[in-house]
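Everything numeric in this text was worked out from a predicted model, so none of it was measured. Below, each value reflects all heavy atoms present in this structure, side chains not excepted, and no hydrogens, waters or symmetry copies. Along the sequence shown, residues carry numbers from 1.
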Amino acid sequence: MSNFNIAIIGASGGIGSALTTLLAKNQSSTIYAFSRHSIHPEHDNVHWAAIDFNQEETISQAAELTARSGTLDLVIVATGILHDETTLPEKSLKNLSAENFQKSFLINTIGPALVAKHFTPKLHKNQHSVFAALSARVGSISDNQLGGWHAYRASKAALNMLIKTTSIEINRRQKKAIIVGLHPGTVDSKLSQPFQKNVPKEKLFTPEYSAKKLMAVIRDIKKEDSGKIFAWDGKEIPF
């Protein structure tokens, strides 16, 4: 991806960091890396700035920062939360809490929605460009056979609807822009660490491997794929 202007939101996370490093290897591209926690880029073409989903003005400011280099070719939202120090994914209805739902929807749905609000206008008007957000297979309603993980599943299903709806709206003003969701597989990161016991070794990916597979999917997607969700192997995931 030569001479590209790229924005990565969530650049301090496992996948976001791997994507930043991978894309920065092409020195002709400009990478804007955004996250709540500061990072120390190893490449001169990576520019970091803070972003906080609790403060929409930081999202707007981040989008304006990218505009200094012209229109954007690629935006990747690599944020996500499944658990933290005080919250675990629910095994049943009796474990539900408003706090868990609020956390999940802020990071997995509301944040990406606000990023889409401020960043999609910065995509090319008449040239191929991509807005991609990390979704999850467990956000598929039709593929749900196990139940559980109520807040996480619901927030990712809502994200999938956002991706579809955004793709319809964007097509009215930016005919060549593509909006997609991406499932990165089970990645060896803080998000998946407590749940890796039953994951086959060959299905537990390093962030670097997942980043390479996701970029291969992004390179191959076409305009007719806009609004869809794809797994790391390029296969479409049903809603």
Side-chain angles (χ1 to χ4, degrees), residues 8-16 19 34-37 51-56 58-59 62 75-120 131-169 179-187 189-196 199 207 210 214 226-232 236-239:
I8 299 175
I9 294 83
S12 64
I15 299 175
L19 284 165
F34 301 104
S35 58
R36 271 182 54 186
H37 303 292
I51 199 168
D52 188 341
F53 287 171
N54 280 301
Q55 302 178 47
E56 185 177 349
T58 68
I59 303 174
V75 179
I76 303 177
V77 186
T79 56
I81 184 172
L82 175 58
H83 63 91
D84 59 18
E85 294 80 4
T86 61
T87 307
L88 288 173
E90 313 90 344
K91 292 183 178 180
S92 71
L93 288 170
K94 66 182 180 182
N95 302 127
L96 298 187
S97 73
E99 181 183 11
N100 194 18
F101 268 85
Q102 289 164 355
K103 285 181 181 178
S104 294
F105 270 79
L106 174 63
I107 303 301
N108 298 332
T109 313
I110 297 171
L114 293 175
V115 172
K117 171 185 175 180
H118 291 286
F119 276 78
T120 55
F131 179 98
L134 292 193
S135 187
R137 188 178 296 277
V138 297
S140 169
I141 294 173
S142 60
D143 190 59
N144 184 1
Q145 306 298 322
L146 297 176
W149 291 19
H150 298 72
Y152 185 72
R153 286 184 185 274
S155 64
K156 289 297 189 179
L159 173 63
N160 293 347
M161 178 59 80
L162 168 72
I163 289 165
K164 177 63 177 179
T165 302
T166 302
S167 72
I168 295 170
E169 179 175 341
I179 315 294
V180 293
L182 299 174
H183 168 56
T186 303
V187 178
S189 65
K190 288 182 180 180
L191 185 144
S192 70
Q193 213 159 42
F195 314 101
Q196 294 177 4
V199 178
S210 180
L214 292 176
S226 191
K228 298 177 181 178
I229 315 298
F230 293 95
W232 57 273
E236 183 178 350
I237 296 175
F239 286 106

Practice problem: Kindly say whether Ile179 contributes a backbone atom to a donor-acceptor pair with the side chain of Ser167 at under 3.5 angstrom? | Solution: no
Quiz item: Between Val187 and Pro184, what is the shortest heavy-atom contact and its length?
Solution: CG2-O, 3.7 Å
Quiz item: Closest approach of Leu159 and Ala133, non-hydrogen atoms and distance?
Solution: CD1-CB, 4.3 Å
Quiz item: Pick one: which of Ile76, Thr166, Val77 meets side chain to side chain contact (heavy atoms under 4.5 Å, CB included) with Phe131?
Solution: Val77
Quiz item: Is there side-chain contact between Thr79 and Phe34, with heavy atoms separated by less than 4.5 Å?
Solution: no
Quiz item: Do Ile141 and Phe239 come close enough that some side-chain heavy atom pair is under 4.5 Å?
Solution: no
Quiz item: Got a second to check how far Ile110's CD1 is from Glu56's CD, nearest 0.5 Å?
Solution: 11.0 Å
Quiz item: Which atom names give the shortest non-hydrogen contact between Ala136 and His183, and what distance separates them?
Solution: CA-ND1, 3.6 Å
Practice problem: Return yes if a side-chain donor-acceptor contact under 3.5 Å exists between Asp52 and Thr58, otherwise no. | Solution: no
Quiz item: Out of curiosity, Leu106 CG to Leu114 CG, how far, rounded to the nearest 0.5 Å?
Solution: 8.5 Å
Quiz prompt | Over 12 foreign heavy atoms within 6.0 Å of CD1, Ile168 | solution = yes
Quiz item: Stepwise, does the side chain to side chain contact (heavy atoms under 4.5 Å, CB included) test hold for Leu214 with Leu134?
Solution: CA-CA 10 Å; Leu214 292 176; Leu134 292 193; 3.9 Å; yes
Quiz prompt | CD-CD distance between Gln102 and Glu99, expressed to the nearest 0.5 angstrom | solution = 7.5 Å
Self-check item: Derivation and outcome, side chain to side chain contact (heavy atoms under 4.5 Å, CB included), residues Ile81 and Asn108
Solution: CA-CA 7 Å; Ile81 184 172; Asn108 298 332; 3.8 Å; yes
Quiz item: Aromatic rings Trp149 and Tyr152: how do their planes relate, parallel, tilted or perpendicular, breaks at 30° and 60°?
Solution: perpendicular
Self-check item: Within-4.5 Å side-chain heavy-atom neighbours: Val180 and Phe230
Solution: yes
Self-check item: Closest contact, heavy atoms only, Arg36 versus Ile51
Solution: CG-O, 3.1 Å
Exercise. Please confirm whether the backbone N or O of Ser155 pairs with a side-chain atom of Thr109, one donor and one acceptor, at under 3.5 Å?
Key: yes
Quiz item: Once you round to the nearest 0.5 Å, how far does NE2 of His150 lie from OG of Ser92?
Solution: 7.0 Å
Quiz prompt | Where Ala151 and Ser104 come nearest, the two heavy atoms and their spacing | solution = CB-OG, 3.6 Å
Quiz item: So, Glu90 side chain and Asn95 main chain: donor-acceptor pair closer than 3.5 Å or not?
Solution: no
Quiz prompt | Heavy-atom pair with the smallest gap, counting every atom of Lys228 and Ile163 | solution = O-CG2, 4.2 Å
Practice problem: Could you tell me the separation between the CZ atom of Arg137 and the CD1 atom of Ile229, rounded to the nearest 0.5 Å? | Solution: 11.5 Å
Quiz item: Measuring from Asn54:CG to Ile59:CD1, what's the distance to the nearest 0.5 Å?
Solution: 9.0 Å
